[in-house]
Q: 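If you scroll down you'll find the structure; I have some questions about it.
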Amino acid sequence: CIRDSYRGQELRFSARNSIAAPGTQIVRYEWLFGDGAVSDQAEVVKVYSNPGVFNVTLTVFANTGLSGQATQQVTISPQPQPPVVVINAPAQATAGQPVTFDGGQSTGQSPIVSYQWRFGDGGTADGARAQHTYAAPGAYSVQLTVGDSAGLSGSTSVQIQINPPPTAIPTVVPEPTAIV
């Protein structure tokens, strides 16, 4: 008994539990899958390529010429898609200064329920928004993985260049000169 499935998923249909009348036997099977596909096998593996509602009909034929028929409706849903992950972050920042990362524009077919950040220097965080301070200059790959309420996850990464902090330029103050 198959009711709901996804496009591209293998479905198994079986007529092995069909019973012929006493003194007769089943000699032929005819499957109509509602999408134009047919089969004459007792057991069939079927993959629907499009979503929709399909009436699957099995007709069994006995050696006496009599037949019996059963129909079942199958709903094929589009394949669920993982969340689309979006990171808003600056392209560069300064070592020793906090940097804000925002993944709140990430979306999914189901509500987003988790956010996991990896900042490329061993640091991690949770939440749609996160702040991180890099201790050293360099190029870092920031990765965000989000999970939705359907159990699907998606991830993406961006590069951030961390520059050294500005160095103080000493101010040269000339020594006062005494004029006599």
Side-chain angles (χ1 to χ4, degrees), residues 1-91 100-120 124-130 140-160:
C1 180
I2 301 169
R3 292 203 188 337
D4 296 314
S5 186
Y6 293 110
R7 179 184 65 80
Q9 182 180 6
E10 284 188 352
L11 303 178
R12 298 184 186 284
F13 295 91
S14 178
R16 294 288 182 206
N17 290 331
S18 300
I19 301 170
T24 66
Q25 62 184 13
I26 297 173
V27 294
R28 188 165 63 99
Y29 303 92
E30 182 180 284
W31 290 95
L32 303 173
F33 293 101
D35 65 346
V38 298
S39 177
D40 62 359
Q41 302 298 308
E43 294 185 3
V44 181
V45 175
K46 168 76 174 133
V47 176
Y48 284 91
S49 58
N50 294 309
V53 177
F54 301 92
N55 289 321
V56 178
T57 302
L58 168 65
T59 305
V60 293
F61 297 89
N63 59 348
T64 60
L66 296 175
S67 64
Q69 191 174 75
T71 300
Q72 179 180 341
Q73 197 171 70
V74 176
T75 301
I76 305 298
S77 302
Q79 191 71 17
Q81 298 297 310
V84 175
V85 183
V86 177
I87 297 175
N88 287 315
T100 300
F101 299 91
D102 189 349
Q105 291 183 350
S106 300
T107 59
Q109 290 177 335
S110 299
I112 304 295
V113 296
S114 68
Y115 298 81
Q116 297 173 332
W117 295 92
R118 294 181 188 269
F119 298 109
T124 62
D126 295 326
R129 288 183 57 143
Y140 296 92
S141 178
V142 178
Q143 180 181 12
L144 173 60
T145 301
V146 300
D148 68 16
S149 62
L152 297 174
S153 65
S155 65
T156 193
S157 62
V158 296
Q159 295 287 355
I160 185 168

Q: I want to check something: taking the side chain as every heavy atom from C-beta on, are V142 and F101 in contact at a cut-off of under 4.5 Å?
A: yes
Q: Looking at every heavy atom in both V85 and S155, which two are closest together, and how far apart are they?
A: CG2-N, 3.6 Å
Q: On a heavy-atom basis, which atom in S106 and which in G103 lie closest, and how many Å separate them?
A: OG-O, 2.9 Å
Q: With a 4.5 Å limit on heavy-atom distance, are the side chains of S114 and D126 in contact?
A: no
Q: Output yes when a side-chain donor or acceptor of Q81 lies under 3.5 Å from a complementary backbone atom of Q79, and no otherwise.
A: yes
Q: Of all the heavy-atom pairs spanning T100 and R129, show the shortest one and how long it is.
A: CG2-NH2, 3.2 Å
Q: Once you round to the nearest 0.5 Å, how far does CG of L144 lie from CH2 of W117?
A: 4.5 Å
Q: Do the ring planes of F33 and Y48 sit parallel (below 30°), tilted (30 to 60°) or perpendicular (above 60°)?
A: perpendicular
Q: Where is the tightest heavy-atom contact between P51 and S77, given as atom of each residue plus distance?
A: CB-C, 4.0 Å
Q: Is it true that atom CD of Q159 has more than 12 heavy atoms of other residues, nucleotides or ligands lying nearer than 6.0 Å?
A: yes
Q: Does Q116 form a side chain to side chain contact (heavy atoms under 4.5 Å, CB included) with R118? I'd like the steps, not just the answer.
A: CA-CA 7 Å; Q116 297 173 332; R118 294 181 188 269; 5.9 Å; no
Q: Please determine whether side chain to side chain contact (heavy atoms under 4.5 Å, CB included) holds for the pair F119 and I160, giving the CA-CA distance in whole Å, both sets of side-chain angles, and the decisive distance to 0.1 Å.
A: CA-CA 9 Å; F119 298 109; I160 185 168; over 6 Å; no
Q: So do the side chains of T57 and Q69 get within less than 4.5 Å of each other, counting heavy atoms only?
A: yes
Q: Which atoms form the tightest heavy-atom contact between L58 and S18, and what is the distance?
A: CD2-OG, 3.9 Å
Q: Heavy-atom distance under 4.5 Å between the side chains of L11 and I76, does that happen here?
A: yes
Q: Starting from the C-alpha separation in whole Å, work towards a yes-or-no answer on side chain to side chain contact (heavy atoms under 4.5 Å, CB included) for Q73 and V53.
A: CA-CA 7 Å; Q73 197 171 70; V53 177; 3.3 Å; yes
Q: How many angstroms lie between OG1 in T24 and CD1 in I19, if you round to the nearest 0.5 Å?
A: 11.0 Å
Q: How many angstroms lie between CG in L66 and CD1 in I26, if you round to the nearest 0.5 Å?
A: 11.5 Å
Q: Just do the side chain to side chain contact (heavy atoms under 4.5 Å, CB included) check on V60 and Y29 with the steps written out, would you?
A: CA-CA 5 Å; V60 293; Y29 303 92; 3.6 Å; yes
Q: Can you tell if the side chain of S141 reaches within under 4.5 Å of the side chain of S157, non-hydrogen atoms only?
A: yes
Q: Main chain of V56, side chain of W31: is a donor-acceptor contact present, judged purely on distance under 3.5 Å?
A: no
Q: How long is the span from the CZ atom in R28 to the CG atom in N63, to the nearest 0.5 Å?
A: 13.0 Å
Q: Going from CD on Q105 to CD1 on I87, what distance comes out if it is rounded to the nearest 0.5 angstrom?
A: 12.0 Å
Q: Looking only at heavy atoms, what is the nearest atom pair of V146 and Y115, with distance?
A: CG1-CD2, 3.5 Å
